[in-house]
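See below for the structure under consideration.
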Amino acid sequence: MAYTSFEDLEVWQKACQLSVKVYVALKECKDYGLKDQMTRAGVSIASNIAEGAERGSPKEFVRFLHISKGSAAELRTQIYICRRIDVLSEELHRDLVKDCISISQMIHGLIRSLSVKRNT
């Protein structure tokens, strides 16, 4: 994995974009607890990728990637709930879920890549 900074990682870039989408989608949401939880989960995805990348060891990076993947699952669950209580439209719901799944898959691939390198 050749990169000079976490900003170079496509998965980090997509996670930042997702976080912004969540903020925009919930701008008018009056359920402040849910809004806070979802924006925190979204920010956590990108933040843990960045923090892990800066730790300097593949083992630490993998640990933070697992946390990031967990935050993506948390956010996805909250998106499902938002759809069921009509906070999100069906179209926006599908778009956000698709983004979460894509980012989770990318994180999983990065974990696999780093784990293989650690074991060789």
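Fair warning: this is a prediction, and the values are worked out from it, not measured in the lab.
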If you group Ile, Leu, Val, Met, Phe, Trp and Tyr by side-chain heavy-atom gaps below 4.5 Å, do Met38 and Ile101 land in one group? yes
I would like to know whether Arg55 and Phe61 meet side chain to side chain contact (heavy atoms under 4.5 Å, CB included); could you show each step before the answer? CA-CA 7 Å; Arg55 288 290 177 135; Phe61 195 4; 6.0 Å; no
Taking Ile45's backbone N and O only, do any of them form a donor-acceptor pair with Ser71's side chain (distance below 3.5 Å, no angle check)? no
Do Ile67 and Val62 belong together in a cluster built from hydrophobic side chains that touch within less than 4.5 Å? no
CA sep, side-chain torsions, deciding dist, call: Phe64, Ile49, side chain to side chain contact (heavy atoms under 4.5 Å, CB included): CA-CA 6 Å; Phe64 278 88; Ile49 293 167; over 6 Å; no
Look at the side-chain heavy atoms of Ile, Leu, Val, Met, Phe, Trp and Tyr, link any pair under 4.5 Å apart, and say whether Val97 and Ile85 land in one connected group. yes
d(Arg63 CZ, Asn48 CG) to nearest 0.5 Å is 9.0 Å
Are Val24 and Ile103 linked, directly or through intermediate hydrophobic residues, by side-chain heavy-atom contacts shorter than 4.5 Å (ILVMFWY only)? no
Restricting to ring pair (Phe, Tyr, Trp, His ring centres under 6.0 Å), what partner residues turn up for Tyr23, sequence neighbours left out? none
What do you reckon, is CZ of Arg83 surrounded by more than 12 foreign heavy atoms closer than 6.0 Å? yes
Do the side chains of Val11 and Val43 join up, straight or via other hydrophobic residues, at under 4.5 Å, putting them in one cluster? no
Backbone of Glu60 reached by a side-chain donor or acceptor of Ser57 within 3.5 Å: yes
Looking at Glu91, I'd like to know if its CD atom is crowded, meaning that more than 12 non-hydrogen atoms belonging to other residues, nucleotides or ligands lie closer than 6.0 Å. no
Sequence neighbours left out, cut at 3.5 Å: what donor-acceptor pairs do the side chains of residues 12-19 make with other protein atoms?
from, atom 1, to, atom 2, distance (Å)
Gln13, NE2, Glu7, O, 2.8

Rounded to the nearest 0.5 Å, the NE2 atom of His108 sits from the OG atom of Ser113 at a distance of 11.5 Å
Test side chain to side chain contact (heavy atoms under 4.5 Å, CB included) on His93 and Cys82; report intermediate values, then the result. CA-CA 8 Å; His93 162 261; Cys82 277; over 6 Å; no
Please check this pair: side chain of Ser44 against backbone of Arg40, looking for a donor-acceptor N/O pair closer than 3.5 Å. no
So do Ile79 and Leu92 actually touch side chain to side chain, heavy atoms under 4.5 Å? no
Looking at Ala41 and Leu75, what are the two nearest heavy atoms and their distance? CB-CB, 4.1 Å
Quick check: does any side chain N or O of Ser104 sit under 3.5 Å from a backbone N or O of Cys100, one acting as donor and the other as acceptor? yes
Check for a donor-acceptor pair, side chain of Asp36 on one end and backbone N or O of Gly33 on the other, with a separation under 3.5 Å. no
Between Thr39 (side chain only) and Lys35 (backbone N and O only), is there a donor and an acceptor less than 3.5 Å apart? yes
How about Leu26 and Leu34: do any of their side-chain heavy atoms sit closer than 4.5 Å? no
Taken to the nearest 0.5 Å, the spacing of Gln37 CD from Asp31 CG works out to 11.0 Å
Whether Ser102 side chain and Lys98 backbone form a donor-acceptor pair below 3.5 Å: no
Side chains of Lys59 and Leu114, heavy atoms from C-beta outward: is any pair under 4.5 Å? no
Between the CD atom in Gln105 and the NZ atom in Lys69, the distance rounded to the nearest 0.5 Å is 8.5 Å
To the nearest 0.5 Å, tell me how far Gln78 CD sits from Leu88 CG. 11.0 Å
Rounded to the nearest 0.5 angstrom, the CD1-OG distance for Ile111 and Ser68 is 8.0 Å
